[in-house]
Amino acid sequence: MIPGDLRADAQLLWDFQRMGHAPRACSVVVGLGSHDLGVADVAVSLYRGGFAPLLVFTGATSATTRERMPRGEAVHYRERALALGVPGDVVLVETRARNTGENLRFSRELLTARGVDVTSVLLVSKPYEERRAYATALCAWPGVDVVCTSSPLALDAYAEEIGDVRLVLDMLVGAVQRLIVYPARGFMAEQDVPPAVADAYRRLRDRGFTGRLVPESV
């Protein structure tokens, strides 16, 4: 459970990241690599639901996934999808990406090389990174319609499932910080960050949840 003195601020950041998009039929489902195999589970459920004929999993490794996913995030996602019964010929992997921008850019390049005509993307991320993924996609994959989704779990249930409250809070804080600083660097489209969300971000940052922050200046 999220500690009581942190929960209200964490919930604000969590709710802000949720885009509220209703899944609909798209050209492809793209699962963004991370420490959370639940992303692959959501992608598989969308494929089974007929929302797209093709899955792409993208991601190399990072400091948070190296031990959990030694063969690479995309590879572990693919293995999960195959274990859940998805045919191997509809699951593509992109194994170079080390950040969200690369996830999208390299997935786009992979699909172009395969001759797949993409007009819309059903983008699957962790729940607290939907808006970050959406803002990045607007820059990294222009011209496509982007629909974002993630696990439907509530904040406390998600933190319990991950089993690491500090990691979840660090990620929440880092995701909002990127929405604040990355648009000026051309990495994301501008998103309106309400004052209450910005204040909650700063309070959690000042409480020491800084493990996923990026430098404020280039």
Side-chain angles (χ1 to χ4, degrees), residues 1-23 31-39 41-42 59 62-65 68 73 98-104 122-140 146-218:
M1 297 286 288
I2 305 294
D5 60 334
L6 304 174
R7 196 185 185 291
D9 285 340
Q11 189 69 53
L12 269 175
L13 302 194
W14 176 271
D15 292 342
F16 176 61
Q17 284 284 344
R18 297 279 206 168
M19 296 297 296
H21 292 171
L32 300 178
S34 73
H35 62 274
D36 181 5
L37 272 176
V39 173
D41 293 345
V42 172
S62 69
T64 57
T65 63
R68 300 179 188 217
E73 296 155 8
R98 297 185 181 276
N99 57 59
T100 308
E102 290 184 351
N103 286 141
L104 294 159
L122 194 45
L123 197 56
V124 185
S125 68
K126 299 183 293 299
Y128 50 82
E129 291 190 341
E130 281 191 29
R131 188 175 297 274
R132 172 188 172 185
Y134 177 75
T136 305
L138 294 181
C139 287
V146 180
V147 181
C148 292
T149 192
S150 63
S151 167
L153 288 176
L155 171 58
D156 286 316
Y158 184 83
E160 183 177 358
E161 181 176 270
I162 295 299
D164 189 337
V165 169
R166 171 160 286 276
L167 175 62
V168 171
L169 292 176
D170 276 345
M171 291 282 194
L172 267 171
V173 171
V176 172
Q177 186 217 22
R178 284 161 176 77
L179 288 171
I180 295 169
V181 304
Y182 272 4
R185 303 180 193 178
F187 298 160
M188 290 182 181
E190 191 81 37
Q191 297 285 294
D192 179 36
V193 179
V197 173
D199 289 345
Y201 150 72
R202 284 188 286 267
R203 284 192 293 266
L204 288 172
R205 179 198 63 192
D206 293 346
R207 290 288 297 270
F209 296 100
T210 59
R212 293 292 295 171
L213 295 184
V214 297
E216 293 279 335
S217 58
V218 179

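Computation of the quantities below employed the complete heavy-atom set of this structure, encompassing side-chain atoms and omitting hydrogens, waters and symmetry-equivalent molecules. All residue numbers refer to positions in the sequence shown, counting from 1.
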Taken to the nearest 0.5 Å, the spacing of Tyr128 OH from Gln17 CD works out to 10.0 Å

Does Thr210 offer a backbone N or O that forms a donor-acceptor pair with the side chain of Asp170 under 3.5 Å?
yes

Determine the minimum heavy-atom distance between Leu167 and Asp164, stating which atoms define it.
N-OD1, 3.0 Å

Looking only at heavy atoms, which two atoms of Leu179 and Ala135 are closest? And how far apart?
CD2-CB, 4.0 Å

Apply salt bridge (charged side-chain N to carboxylate O under 4.0 Å, His left out) to the pair Arg202 and Asp199, showing each step before the final yes or no.
CA-CA 5 Å; Arg202 284 188 286 267; Asp199 289 345; 2.6 Å; yes

Checking the side chain of Arg18 only, and the main-chain atoms of Trp14 only, is there a donor and an acceptor separated by less than 3.5 Å?
no

Nearest 0.5 Å, what's the OG-CG distance between Ser151 and Leu37?
12.5 Å

Donor-acceptor side-chain pairing of Ser150 and Glu130 below 3.5 angstrom
yes

Any side-chain heavy-atom pair from Phe16 and Val193 closer than 4.5 angstrom?
yes

Look only at the side chain of Asn103 and the backbone of Arg98, and say whether a donor-acceptor pair between them is shorter than 3.5 Å.
no

Closest non-hydrogen atom pair, Ser34 against Thr65:
C-CG2, 3.5 Å

State the CE-CD1 distance between Met188 and Ile180, to the nearest 0.5 angstrom.
10.5 Å

Report the C-alpha separation of Val168 and Tyr158 in whole Å, then their side-chain angles, then the decisive distance to 0.1 Å, and conclude whether the side-chain contact (heavy atoms from CB on, under 4.5 Å) test is met.
CA-CA 9 Å; Val168 171; Tyr158 184 83; 4.3 Å; yes

Among Arg205, Arg132, Glu216, the one residue meeting side chain to side chain donor-acceptor pair (under 3.5 Å) with Gln177:
Glu216

Rounded at 0.5 Å granularity, tell me how far CG in Leu104 sits from CG in Leu32.
6.0 Å

How close do Leu122 and Pro23 get, counting heavy atoms only, and between which atoms?
CD1-CA, 4.3 Å

Let's go through Ile162 and His35 carefully: what are the C-alpha distance in whole Å and the side-chain angles of both, what is the deciding distance for side-chain contact (heavy atoms from CB on, under 4.5 Å) to 0.1 Å, and is it a yes or a no?
CA-CA 9 Å; Ile162 295 299; His35 62 274; 4.0 Å; yes

For Ala137 and Leu123 the tightest heavy-atom approach is CB-CD2, 4.1 Å

Rounded distance (nearest 0.5 Å) linking atom OG1 of Thr100 with atom OH of Tyr182
8.5 Å

Given side-chain contact (heavy atoms from CB on, under 4.5 Å), test Val181 with Val214 step by step and report yes or no.
CA-CA 9 Å; Val181 304; Val214 297; 4.1 Å; yes

Please report the shortest heavy-atom distance between Met19 and Cys148, naming the atom on each side.
CG-CB, 4.2 Å

So, taking the atom named CD1 in Ile2 and the one named CD in Glu160, what distance separates them when rounded to the nearest 0.5 Å?
10.5 Å

Measuring only between side-chain heavy atoms, which start at C-beta, is Arg212 closer than 4.5 Å to Val173?
no

Check the side chains of Arg131 and Gln191 for a donor-acceptor pair under 3.5 angstrom, ignoring hydrogens and angles.
yes

Apply the test side-chain contact (heavy atoms from CB on, under 4.5 Å) to residues Leu172 and Tyr201: give CA-CA distance (whole Å), side-chain angles for both, the deciding distance (0.1 Å), then the verdict.
CA-CA 8 Å; Leu172 267 171; Tyr201 150 72; over 6 Å; no

Can you confirm whether Pro3 sits close enough to Val165 that some side-chain heavy atom of one is under 4.5 Å from a side-chain heavy atom of the other?
yes

Are Arg203 and Asp9 ion-paired here, with the side-chain N under 4.0 Å from a carboxylate O?
yes

